[in-house]
Amino acid sequence: MTAPSQLKNDRFLRALLREPVDMTPVWMMRQAGRYLPEYRATRTQAGNFLTLCKTPELACEVTLQPLERFPLDAAILFSDILTIPDAMGLGLYFSEGEGPRFKHPLRTAADIAKLGVPDPHQALRYVVDAVSLIRRELNGRVPLIGFSGSPWTLATYMVEGGGTKNFRQVKGLMFDQPALMEQLLEVVAQAVMVYLNAQIQAGAQAVMIFDTWGGVLSGRDYQAFSLRYMQHIIDGLQRENEGRRVPVILFTKDGGTWLEQMADTGCDALGLDWTCDLGTARQRVGDKVALQGNMDPCILYAQPERIRAEVKDILARYGTGNGHVFNLGHGIHPEVDPEHAGVFVDAVHEFSRVYHT
């Protein structure tokens, strides 16, 4: 394991803790992904997406690929948010053009009663091994981020059996049988907590909870069925390892209405999508948490000068001082030209120094 003193670039971790940095750190959600030709080549070699995720050597390879192209300030574990439901026996598979699906979606009380918390060192050993391998291969170059889906987001896929547009099954369960929904969320929250702690113990130096579907809930239901269970996870996480704090980032897509409540969970940083003004968000949360975000990923379809102008604007909206990690407001799109991603990363470093004097 790499000792903390050997971390050559820790500005990402320092920014998450609102400590001084020389420039704003930057990474991209889905930075190891389909927009890179080298990723597509490795996926072809693996044969399919699940094999890529479940082979630690290949997961390590694609995690490191974007760092070879761009001077990013963090690596993020290559995996999928649906590893936990798969380990619970729901039978994850991917259909071409349809995305993730489950062979055994949860539709009854009996289905939910059968669920248990997977041992990450058994059913999810491939993830733990990938974290350890990536840390070794990074050799202190930049920090490694671990992650999981939120309980509400995972439960949405588990009940719906895959992606959905109207949330018929999961919201039907939530409204008709709230106690049963809570039973499901409790076991998933416990599984996420154990899973993230295993990633931390294996070497993840920060962790992020992706609440992709939290924004489809009303304020009342977000508090009761999403935020409450992310709070349970944060309360149970190992917050120090290797002699330094392990920051926690909370990201609810379309969750800009609830920033104050999210900041009250004890997380270290909030991820923001592009629908939320960064300067206003900073005023709302004050010094309680750092902020991560929040450029619209579609800006990367534009010409380089437009990308650079957008980076300047977002940096100006945050303003001077600490506590900003630059990122996209969601994952980078597969059709983006990698050269445009490079323009974005370089622009953040170039234009952010004046905000950190």
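If you read the sequence from its start, that first residue is 1, and numbering goes on from there. Quick caveat, the model's predicted, so the values are computed rather than measured.
The CG atom of Asp296 sits 9.5 Å away from the OH atom of Tyr301 when rounded to the nearest 0.5 Å. Atom-to-atom distance recorded for Phe102:CZ and Met158:CE is 7.0 Å, nearest 0.5 angstrom. Atoms CH2 and OG1, from Trp213 and Thr252 in turn, are 13.0 Å apart once rounded to the nearest 0.5 Å. Leu90 contributes atom CG, which lies 9.5 Å from atom NZ of Lys114 (distance to the nearest 0.5 angstrom). Between atom CD of residue Glu137 and atom OG1 of residue Thr63 there is a gap of 11.0 Å, rounded to the nearest 0.5 Å. Of the inter-residue distances, the one linking Thr55 atom OG1 with Gln45 atom CD reads 9.0 Å to the nearest 0.5 angstrom.
Leu133 and Leu52 sit in two unconnected hydrophobic clusters of ILVMFWY residues. Membership requires side-chain heavy atoms under 4.5 Å apart, directly or through other members. Hydrophobic clustering, with ILVMFWY side chains joined whenever heavy atoms are under 4.5 angstrom apart, keeps Val21 apart from Val354. Linking Ile, Leu, Val, Met, Phe, Trp and Tyr whenever their side-chain heavy atoms come within less than 4.5 Å leaves Tyr93 and Leu106 in two separate clusters. Connection of Val194 to Leu115 is established within a shared hydrophobic cluster, with ILVMFWY side chains joined at heavy-atom distances below 4.5 Å, either directly or through further cluster members. Under the 4.5 Å side-chain heavy-atom criterion for Ile, Leu, Val, Met, Phe, Trp and Tyr, Leu250 and Leu17 are members of distinct hydrophobic clusters.
Between the side chain of Asp273 and the backbone N or O of Asp254 there is at least one donor-acceptor pair closer than 3.5 Å. Remark: side-chain polar atoms of Thr265 are not paired, donor with acceptor, to backbone N or O of Gln231 under 3.5 angstrom. At distances below 3.5 Å, not a single donor-acceptor pair connects side-chain atoms of Arg282 with backbone N or O atoms of Asp287. The backbone N or O of Arg228 lies less than 3.5 Å from no partner atom in the side chain of Gln223, so there is not a single donor-acceptor pair. No side-chain donor-acceptor contact under 3.5 Å links His356 to the backbone of Pro20. The backbone N or O of Leu237 lies less than 3.5 Å from no partner atom in the side chain of Asn197, so there is not a single donor-acceptor pair. At distances below 3.5 Å, at least one donor-acceptor pair connects side-chain atoms of Asn294 with backbone N or O atoms of Cys276. The backbone N or O of Thr51 lies less than 3.5 Å from a partner atom in the side chain of Asn48, making a donor-acceptor pair.
Nearest approach of Thr153 to Gly214, heavy atoms of both residues: OG1-N, 4.4 Å. Of all the heavy atoms in Ala281 and Leu259, the pair that sits closest is CB-CD1, 3.6 Å. Between Arg18 and Asp268, the shortest heavy-atom distance links the atoms NH1-O, 4.0 Å. When all heavy atoms of Ile145 and Ala74 are compared, the pair lying nearest together is CD1-CB, 3.8 Å. The minimum heavy-atom distance linking Gly266 with Arg245 is given by the pair O-NH2, 4.4 Å. Between Leu50 and Leu92, the shortest heavy-atom contact is CD1-O, 3.4 Å.
Within the 4.5 Å cutoff, side-chain heavy atoms of Ile234 are placed close to those of Arg239. Side-chain contact between Ile233 and Tyr229 is absent, with no heavy-atom pair separated by less than 4.5 Å. Taking the side chain as every heavy atom from C-beta outward, Tyr222 and Gln261 never approach each other to under 4.5 Å. Inter-residue side-chain proximity for Gln31 and Tyr39 is flagged as unmet; no heavy-atom pair is nearer than 4.5 Å. Looking at Gln201 and Gln238, their side chains come closer than 4.5 Å, going by heavy atoms from C-beta outward. Within the 4.5 Å cutoff, no side-chain heavy atoms of Trp274 are placed close to those of Ile299. The side-chain heavy atoms of Trp258 and Leu227, taken from C-beta on, include no pair separated by under 4.5 Å. The shortest distance between side-chain heavy atoms of Phe94 and Asp80 falls below 4.5 Å.
In summary, the aromatic rings of Phe210 and Phe147 are positioned with their centroids under 6.0 Å apart.
More than 12 heavy-atom neighbours from other residues, nucleotides or ligands sit within 6.0 angstrom of CG on Asn166. By the neighbour-count criterion of 12 heavy atoms within 6.0 Å, atom CZ of Arg40 is densely surrounded, having more than that number from other residues, nucleotides or ligands.
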Can you give me every donor-acceptor pair (side chain of residues 169-183, partner residue at least two apart or in another chain, under 3.5 Å) with its distance?
from: Lys171; atom 1: NZ; to: Val216; atom 2: O; distance (Å): 2.7

Side-chain donor-acceptor pairs of residues 116-128 under 3.5 Å, sequence neighbours excluded:
from: Asp119; atom 1: OD1; to: His121; atom 2: N; distance (Å): 2.8
from: Arg125; atom 1: NE; to: Asp129; atom 2: OD1; distance (Å): 2.8
from: Arg125; atom 1: NE; to: Asp129; atom 2: OD2; distance (Å): 3.4

With a 3.5 Å cut-off and sequence neighbours excluded, list the donor-acceptor pairs that the side chains of residues 320-330 form with protein atoms.
from: His324; atom 1: NE2; to: Gly293; atom 2: O; distance (Å): 2.9
from: Asn327; atom 1: OD1; to: Met29; atom 2: N; distance (Å): 3.1
from: Asn327; atom 1: ND2; to: Trp27; atom 2: O; distance (Å): 3.3

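Between Lys288 and Asp264 there is a salt bridge, since a side-chain N of the basic residue sits under 4.0 Å from a carboxylate O of the acidic one. Arg317 has a carboxylate O that lies under 4.0 Å from a charged side-chain N of Asp277, or vice versa, which qualifies the two as a salt bridge.
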Go through the steps for Val26 and Phe344 under the test side-chain contact (heavy atoms from CB on, under 4.5 Å), then give the verdict. CA-CA 9 Å; Val26 57; Phe344 157 58; 3.7 Å; yes
Passes side-chain contact (heavy atoms from CB on, under 4.5 Å), Phe12 versus Val142? Steps please. CA-CA 8 Å; Phe12 166 72; Val142 293; over 6 Å; no
What's the verdict on side-chain contact (heavy atoms from CB on, under 4.5 Å) for Leu217 and Ser226, showing C-alpha distance, side-chain angles and the deciding distance? CA-CA 9 Å; Leu217 295 168; Ser226 183; 4.1 Å; yes
Between Leu315 and Val311, is a side-chain contact (heavy atoms from CB on, under 4.5 Å) present by the stated rule, with each step listed? CA-CA 6 Å; Leu315 288 167; Val311 168; 3.8 Å; yes
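Screening Arg141, Arg11, Arg14, Lys8 against Asp73 for a salt bridge (charged side-chain N to carboxylate O under 4.0 Å, His left out) leaves a single residue, Arg11.
Between the side chains of Asp111 and Thr108, at least one donor N or O sits under 3.5 Å from an acceptor N or O. For the 3.5 Å distance criterion, the side chains of Thr42 and Gln65 qualify, holding a donor opposite an acceptor. For Tyr318 and Thr24, the side-chain atoms include no donor-acceptor pair closer than 3.5 Å.
Contacts of Glu38 classified as side chain to side chain donor-acceptor pair (under 3.5 Å), with partners at least two apart in sequence or in another chain: Arg69. Scored by the salt bridge (charged side-chain N to carboxylate O under 4.0 Å, His left out) test, Glu19 finds no partners at all (sequence neighbours excluded). Listed by chain and residue number, nothing satisfies the ring pair (Phe, Tyr, Trp, His ring centres under 6.0 Å) test with His349 (two or more places apart in sequence, or in another chain).
Remark: Arg43 fails to qualify as a cation-pi partner of Phe49 under the 6.0 Å distance and 45° angle criteria applied to the six-membered ring.
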